[in-house]
Amino acid sequence: MDLVYASLRRKEPGPAPTQEAGEIVGILWAHALPGDALQHITARSESDCIDLLLYLLTPDGPSTSLRAAHALIARSHRASPLLARRYHHPVPAGC
């Protein structure tokens, strides 16, 4: 199992809504596909971002996990009005 850390930056920093972490986890699960190999998600809100840990069971190791995590977050951001309104578009690792 691979663990991928990701962070989404808020468009407007400030106090996080109380249920924000749970909302984001729910959005990610709603847009997860079987090929993402997602097993578990944890989230923690900060004043300027939300930090995510995605646990993935991908067969080909860390590089596949990074691509799967980014694909899931980007797909969720495109489909969710809440993510699109509150957060900047995710940027793949290494960019």
Colleague: Determine whether Ile27 and Trp29 fall in the same hydrophobic cluster, where Ile, Leu, Val, Met, Phe, Trp and Tyr are linked whenever their side-chain heavy atoms lie under 4.5 Å apart.
Modeller: yes

Colleague: Is it true that Leu3 and Ile73 fall in one hydrophobic cluster, defined by side-chain heavy atoms closer than 4.5 Å?
Modeller: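 No, because Leu3 and Ile73 fall into different hydrophobic clusters, even though each may have its own neighbours under 4.5 Å.
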
Colleague: For Arg10 and Tyr87, indicate whether the former's side chain and the latter's backbone hold a donor-acceptor pair under 3.5 Å.
Modeller: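 Not a single qualifying donor-acceptor pair exists.
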
Colleague: Enter the distance from Leu72:CG to His31:NE2 here, rounded to the nearest 0.5 Å.
Modeller: 9.0 Å

Colleague: So, using ring-ring contact (aromatic ring centres under 6.0 Å, His included) as the criterion, who are the partners of His88 when residues are at least two apart?
Modeller: none

Colleague: Please identify each residue that fulfils ring-ring contact (aromatic ring centres under 6.0 Å, His included) with His77, with sequence neighbours left out.
Modeller: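 His89.
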
Colleague: Restricting to non-hydrogen atoms, name the atom on Ala32 and the atom on Leu38 that form the minimum distance, rounded to 0.1 Å.
Modeller: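 In terms of heavy atoms, the two residues are closest at CB-CD2, 3.9 Å.
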
Colleague: Nearest 0.5 Å, what's the CG-CG distance between Leu28 and Leu52?
Modeller: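 Rounded to the nearest 0.5 Å, the CG-CG separation comes to 6.0 Å.
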
Colleague: Can you tell me how far the OG1 atom of Thr42 sits from the OH atom of Tyr5, to the nearest 0.5 Å?
Modeller: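 Atom-to-atom, Thr42:OG1 and Tyr5:OH are 10.5 Å apart.
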
Colleague: Under 4.5 Å between side-chain heavy atoms, chaining through other members, with only Ile, Leu, Val, Met, Phe, Trp and Tyr counted: pull out the rest of the cluster around Leu33, sorted by chain and number.
Modeller: none

Colleague: Can you name the side chain to side chain donor-acceptor pair (under 3.5 Å) partners of Ser80, sequence neighbours left out?
Modeller: none

Colleague: Please determine whether residues Met1 and Leu54 belong to a single hydrophobic cluster, defined as Ile, Leu, Val, Met, Phe, Trp and Tyr linked transitively by side-chain heavy-atom distances below 4.5 Å.
Modeller: no

Colleague: Testing the basics here: between Ile41 and Tyr55, what is the closest heavy-atom pair and its distance to 0.1 Å?
Modeller: N-CD1, 4.4 Å

Colleague: Provide the full list of salt bridge (charged side-chain N to carboxylate O under 4.0 Å, His left out) pairs with a residue in residues 22-48, sequence neighbours left out, each pair given once.
Modeller: Arg9-Asp48, Glu23-Arg86, Asp36-Arg75, Arg44-Glu46

Colleague: Which atoms form the tightest heavy-atom contact between Ser65 and Asp2, and what is the distance?
Modeller: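 Of all heavy-atom pairs spanning Ser65 and Asp2, the closest is OG-OD2, 2.7 Å.
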
Colleague: Can you tell me how far CD1 of Ile24 sits from CD1 of Ile50, rounded to the nearest 0.5 angstrom?
Modeller: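 So the CD1 of Ile50 and the CD1 of Ile24 are separated by 5.0 Å.
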
Colleague: For residues Ala16 and Glu20, report the shortest heavy-atom separation together with the two atoms involved.
Modeller: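 For Ala16 versus Glu20, the nearest heavy atoms are CB-OE1, 3.3 Å.
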
Colleague: Name all pairs fulfilling the salt bridge (charged side-chain N to carboxylate O under 4.0 Å, His left out) condition that reach into residues 55-68, sequence neighbours left out, sorted by first residue then second.
Modeller: none

Colleague: Output the distance between atom CG (Asp51) and atom OG (Ser7), rounded to the nearest 0.5 Å.
Modeller: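 Those atoms lie 4.0 Å apart.
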
